[in-house]
Structure formats: structure tokens, C-alpha cells
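Written below as C-alpha cells is the structure these notes are about.
In this chain, numbering begins with 1 at the start of the sequence shown. Computation of the quantities below employed the complete heavy-atom set of this structure, encompassing side-chain atoms and omitting hydrogens, waters and symmetry-equivalent molecules.
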Amino acid sequence: MAQSTFDRRRVNGPEESFSPVFDEEDDAELGWTVKHGRGLADIRPIFLQPGLVSQANGSAYIETEKTKLACAVYGPRQSKTTTYSERGRLNVEVKFAPFSCVRRRSPLRDAEDRAVAIAVYQSIVSSICLELFPKSTIDVFIVVIENDGIEGCIASGSIAASTALADAGIEMLGLVASCSAGVRGDEIRLDPVEKEAAAADGTVILACMPALSSITNVYQSGRVSVQGALKCMELCQDRCIDVHAVMAQSLLSSRTSTG
């Protein structure tokens, strides 16, 4: 009769084991019907902290549940181009961390990085007094630490970039707040997560300066009717007023604590 031997060099498994539990909400239909603990006109709670990167002229960190971004601003500094320019130049660069998405991303920049950077650039460029910085460059770097939908990244990136610019003391016409909305049929949901945006017929992202009641950028994708787009813009603009209050309070608290 063969005698079994016990291998003490290996770590033995537990006596009881359970089958792994996978996320079963991958269906787009389910992504829209599942409630995420807030109303249709509610946005995710915002945590905003300016001045976290000491090496930068200005910085901000924003967190809205599963969307987390860090933004750093450098400048204004002398432009490296030889041609003279009466207006300053704004550069926006967005990079996704390899662990920011469900599937590990390549460290190289791709089209999605550039698309988010262009949307953030268009949202904030009109709020900066670039005519006061001739032959100068302002660089904005955004790192997406956790991603829960491109719509949320664009909106949060615009908020973080505007807050970081204000933290750097750069002359601006006003703070830029942003909000997104998803449309499916006659139903509109503000600040959709990734699954809700994937299940929507279309999405709208609005950026504005609430202090001046002016819109800086509107980014629309998918199928949205004219009436639906106008309703989304109206709802997003109302929520941007609340976001603007959060931005102003965070900057005031940061100045008070450091001063």
C-alpha cells in the first residue's frame, strides 16, 4: 500500500472553497435600469482638494466616487517657439494610469487620451486671459487614476483643471464647472457612470462659467434630439451652479489653511 507524503514546502489551500463571484451587470440594458443610489437629476458627490502637488505652480485632486483625477499646472513660462505671439498658449495633456480601467491600459498615449485632452482644452481655454501672457505657455497635465466613464473624466478633468489654474494664480474670467448627462428615450440622467453612458442613446457634456452665465463648451455624442439636448444643457447648467460653489469653497479653504 503506497503511503502519501505531505509536501511542507507548499502553501496548502483552504479546506473550504467558494466559486468566484463575477460582476453580472455587463448587459447594457441592465446598466441603465440599475439605480446607483441617487436620483435622475442628482450628480455624484465631489471631493475636491487644491494644492496637493508642491512642485507645480497649481494643482488639484478631484474624486467623484469611482472617477479620480489629479491635475498639475506649470506656468506661465517662456515659450520655446522662436516666433513671437501676442497671446499665450495653453497645452493640455491627459494620461490614463495603466490601472485606471478594468482592462490594463498601455502606458503609451492613444486616441482616447487626446480626445479627452481636446475636450478639456475647449472647456477651459476661453476662461483664461491668454492675452496677458505674450510668448508664454501654460501646461496642464491630468492623470486619470480611476476611470468610470469618459463623460465623467471630461467633466471632472475640466473642473480639476480650472481649479488648478486658479490655485496657480493665473488670471481668469471665472471658474469653469462641468456636468454630463445621458439620454435614453425621454429619460435624462445627470452624471452617468460608465454603464449608464454605454446604455444611453446619447450623452451631452456641458462646461460653463456660472459666475458669468456663459457656456464655454458643449460636447455631444450618440443620438440626441434637439429638444433632448436643450433639456440636458438646462439641467447640466443648473448643476454646474452647485459644482461652482464646491470649487469656490475648496479654493477658499485651501487659501485659509495655507495663509
Self-check item: Spacing of CD1 belonging to Ile128 relative to OG belonging to Ser162, to within rounding of 0.5 Å
Solution: 8.0 Å
Practice problem: Look only at the side chain of Ser178 and the backbone of Leu206, and say whether a donor-acceptor pair between them is shorter than 3.5 Å. | Solution: yes
Self-check item: Atom pair CZ (Arg77) and CD1 (Ile138), whose distance is rounded to the nearest 0.5 Å
Solution: 10.5 Å
Quiz item: Tell me, do Ile145 and Phe99 make a side-chain contact under 4.5 Å, heavy atoms counted?
Solution: yes
Practice problem: May I ask whether Ile170 and Phe141 are part of the same hydrophobic cluster, defined by side-chain heavy atoms of I, L, V, M, F, W, Y residues being less than 4.5 angstrom apart, directly or through others? | Solution: no
Quiz item: Where do Cys179 and Ile43 land on the side-chain contact (heavy atoms from CB on, under 4.5 Å) test, with the steps shown first?
Solution: CA-CA 8 Å; Cys179 182; Ile43 61 176; 3.9 Å; yes
Quiz item: Got a second to check how far Asn217's CG is from Ile118's CD1, nearest 0.5 Å?
Solution: 11.0 Å
Quiz item: When rounded to the nearest 0.5 angstrom, what is the spacing between NE2 in His244 and CD1 in Ile159?
Solution: 11.0 Å
Practice problem: To the nearest 0.5 angstrom, please state how far the CD atom of Glu194 sits from the CD atom of Glu151. | Solution: 9.0 Å
Practice problem: Search all heavy atoms of Ser126 against all heavy atoms of Leu173 and return the closest pair with its distance. | Solution: O-CD1, 3.7 Å
Quiz item: Do Tyr121 and Ile124 share a hydrophobic cluster, counting only Ile, Leu, Val, Met, Phe, Trp and Tyr and linking them when any side-chain heavy atoms are less than 4.5 Å apart?
Solution: yes
Quiz item: Looking at Ser123 and Thr216, what are the two nearest heavy atoms and their distance?
Solution: O-OG1, 2.9 Å
Practice problem: Kindly indicate whether the side chain of Val94, heavy atoms from C-beta on, has any atom under 4.5 Å from the side chain of Ile142. | Solution: yes
Practice problem: State whether the side chain of Lys66 and the backbone N or O of Glu63 hold a donor-acceptor pair below 3.5 Å, judged by distance alone. | Solution: no
Exercise. Scan Val243, Asp242, Asp191, Thr67 and name whichever one has a side chain to side chain contact (heavy atoms under 4.5 Å, CB included) with Ile46.
Key: Val243
Exercise. Could you tell me whether a side-chain N or O of Ser250 sits under 3.5 Å from a main-chain N or O of Ala248, the two making a donor and an acceptor?
Key: no
Quiz item: Between SG of Cys232 and CZ of Arg189, what distance do you get to the nearest 0.5 Å?
Solution: 13.0 Å
Quiz item: Would Leu52 and Ile62 show up in the same hydrophobic cluster when neighbours are defined by side-chain heavy atoms closer than 4.5 Å?
Solution: no
Practice problem: Write down the atom of Ala56, the atom of Ala72, and the distance for their closest heavy-atom approach. | Solution: CB-CB, 3.9 Å
Please tabulate, for the side chains in residues 218-230, all donor-acceptor contacts under 3.5 angstrom to protein atoms that are two or more places apart in sequence or on a different chain.
{"unit_1": "Gln220", "atom_1": "NE2", "unit_2": "Gly222", "atom_2": "O", "d": "2.8"}
{"unit_1": "Ser221", "atom_1": "OG", "unit_2": "Thr203", "atom_2": "OG1", "d": "2.7"}
{"unit_1": "Ser225", "atom_1": "OG", "unit_2": "Gly228", "atom_2": "N", "d": "3.0"}

Quiz item: Heavy atoms, side chains only, cut-off 4.5 Å: are Asp139 and Glu93 in contact?
Solution: no
Quiz item: Are Thr163 and Leu251 close enough that some pair of their side-chain heavy atoms sits under 4.5 Å apart?
Solution: yes
Self-check item: Side-chain donor/acceptor of Ser127 to backbone N/O of Met172, under 3.5 Å
Solution: no
Quiz item: If you draw a 6.0 Å radius around CD in Glu131, do more than 12 non-hydrogen atoms from other residues or ligands fall strictly inside?
Solution: yes
Quiz item: Nearest heavy-atom pair of Arg44 and Pro192: which atoms, and what distance?
Solution: NH2-O, 3.6 Å
Quiz item: Are Val143 and Val53 linked, directly or through other ILVMFWY residues, by side chains that come within less than 4.5 angstrom of each other?
Solution: no
Quiz prompt | For Gly39 against Asp42, the heavy-atom pair lying closest together | solution = N-OD2, 3.0 Å
Practice problem: Could you tell me whether the side chain of Glu196 and the main chain of Val193 form a donor-acceptor pair under 3.5 Å? | Solution: yes
Quiz item: Taking Asn57 for the side chain and Pro76 for the main chain, is one N or O donor matched with an acceptor at less than 3.5 Å?
Solution: no
Quiz item: Is any side-chain heavy atom of Arg89 less than 4.5 Å from a side-chain heavy atom of Phe133?
Solution: no
Quiz prompt | Side-chain heavy-atom pair Thr64, Asp148 within 4.5 angstrom cut-off | solution = no
Exercise. Measure the shortest side-chain to side-chain distance between Lys231 and Ile188 over non-hydrogen atoms and say whether it is less than 4.5 angstrom.
Key: yes
Exercise. Return the minimal non-hydrogen interatomic distance between Gln55 and Tyr74, and the atom names on each side.
Key: O-CE2, 3.8 Å
Quiz item: Any side-chain heavy-atom pair from Leu90 and Val140 closer than 4.5 angstrom?
Solution: yes
Exercise. State whether the side chain of Asn147 and the backbone N or O of Cys101 hold a donor-acceptor pair below 3.5 Å, judged by distance alone.
Key: no
Quiz item: Val120 and Leu130: same hydrophobic cluster, using ILVMFWY side-chain contacts below 4.5 Å?
Solution: yes
